[in-house]
There are 2 protein chains.
Amino acid sequence: MTALKHSRQRDLIRDLLEGRTDHPTADMVFESAKQVYPNISLGTVYRNLSLLAELGEIRKLSGLGDADRFDPRTDWHCHFVCTCCGKILDMEPAEASGRFLAEASESFSMGEIRSYEATFHGLCRDCLPV
Amino acid sequence: MTALKHSRQRDLIRDLLEGRTDHPTADMVFESAKQVYPNISLGTVYRNLSLLAELGEIRKLSGLGDADRFDPRTDWHCHFVCTCCGKILDMEPAEASGRFLAEASESFSMGEIRSYEATFHGLCRDCLPV
DNA sequence: GGCAATAACGATAATTATTACTGTTATTCG
DNA sequence: CGAATAACAGTAATAATTATCGTTATTGCC
């Protein structure tokens, strides 16, 4: 139980993410943070993003691209990844989400399902041919 | 259109994966392959796994863990990842799969959905407390 | 406020998964 | 067989992330 200490860098990182919908990578957050604290370290950004994710204040998204992404939204929702530009968009939970999970949980006998995530792929509006 | 040439290494890699359900990493395939061709190169394994995935003969699974996984099954199905031991299990498609996709496609207006994948998390039978 | 304890920092080295390069080998096809 | 070249083994390079380490900043107590 290492007693968490306050840090202005962590505050900044949390604030920078707040309200953002572009699901930035650690490096993108680092670039933003440098404009406020020019000599903040990339390691500090990684450490605090991971810590905030562990604390449940933000969400870490793995597997959507080469690098991990970070999302200020902590409510359950899915993501859409544009196969053309790589953009990541939030999706609002569909009606069928619950049924999908319930059905999977019922029919799956090799273990106990606790959660799931779904990622949709396709072309975003900007990349769709006219 | 570079004319594909036959290679015994590629044959081996395809054969090694055939029938396997453990979703091995490139490195795991490399270890297996070395027992047949002791001086096969890791680069060769990576190159051929990627090539086979592009040809549609196998599937590459990204984002399930640190390293990419490879699956001989090419039919659409989901995966279950044990949060305890990291084991990856195949899941049989549920009834709700289609509805889930249809509903998401309908309600999503920021682009055009082409596909999706879902990953379930939980404890496998071996890791469940008794 | 001053001060000890230590969480967190900045800087940098190390690690891991993967891709790229390079000279050599093997397959294909005339 | 022999030229053309895909694919190879071996190795170097890259990218994302984590670990180390000496220094700085926060906290709680006197």
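So that the names make sense, note that chain A is the first sequence line, chain B the second, and so on, each numbered from 1.
Phosphate contact (OP1/OP2 of D:dA9, side-chain N/O of B:Gln9, threshold under 4.0 Å): present. B:Arg8 has no side-chain polar atom (N or O) that falls below the 4.0 Å cut-off from OP1 or OP2 of C:dA26. Distances shorter than 4.0 Å separate some side-chain N or O of A:Thr44 from OP1 or OP2 on C:dG10.
Considering every non-hydrogen atom in both A:Pro24 and A:Val29, the closest pair reads CG-CG2, 3.9 Å.
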Every protein N/O lying under 3.5 Å from an N/O of nucleotides 17-20 of chain D:
from: D:dT17; atom 1: OP1; to: A:Asp68; atom 2: N; distance (Å): 2.7
from: D:dT17; atom 1: OP1; to: A:Asp68; atom 2: OD1; distance (Å): 3.4
from: D:dT17; atom 1: OP1; to: A:Asp68; atom 2: OD2; distance (Å): 3.2
from: D:dT17; atom 1: OP2; to: A:Tyr46; atom 2: OH; distance (Å): 2.7

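Within the structure, side chain to side chain donor-acceptor pair (under 3.5 Å) pairs that include any residue of residues 93-103 of chain B do not occur (at least two apart or interchain).
Distance A:Asn39 CG to D:dT24 P: 12 Å, rounded to the nearest Å. Atom OH of A:Tyr37 is separated from atom P of D:dT24 by 18 Å (rounded to the nearest Å). In this structure, the CG atom of B:Leu52 is 15 Å from the C1' atom of D:dA6, given to the nearest Å. The CZ atom of B:Arg10 sits 20 Å away from the P atom of C:dT25 (whole-angstrom rounding). The distance from atom CG of B:Asn48 to atom C1' of D:dA9 is 13 Å, rounded to the nearest whole Å. For the pair B:Lys34 NZ and D:dA9 P, the interatomic distance rounds to 12 Å; values are reported in whole Å. B:Leu51 has its CG atom 7 Å from the P atom of D:dA7, to the nearest Å. Whole-Å rounding puts the B:Leu49 CG to C:dT18 C1' distance at 12 Å.
For the residue pair A:Glu117 and A:His79, no side-chain donor N or O sits within less than 3.5 Å of a side-chain acceptor on the partner. Defined by atom type and a distance below 3.5 Å, a donor-acceptor pair is present between the side-chain atoms of A:Ser32 and A:Arg20.
Residue A:Lys5 has its side chain nearest to C:dA5 when only D:dA9, C:dA5, D:dA7 are considered. When the nucleotides D:dG10, C:dA7, D:dA4 are ranked by their closest atom to the side chain of A:Thr2, C:dA7 comes out on top. Residue B:Leu4 places its side chain closer to D:dA7 than to any other of D:dA7, C:dT27, D:dT26.
With sequence neighbours excluded, no residue forms a side-chain hydrogen bond (donor to acceptor under 3.5 Å, both in side chains) with A:Asp15.
At least one side-chain heavy atom of A:Leu123 sits under 4.5 Å from a side-chain heavy atom of A:Pro129.
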Could you walk me through whether A:Arg114 and A:Glu112 pass the salt bridge (charged side-chain N to carboxylate O under 4.0 Å, His left out) check?
CA-CA 6 Å; A:Arg114 295 275 160 83; A:Glu112 199 176 294; 3.1 Å; yes
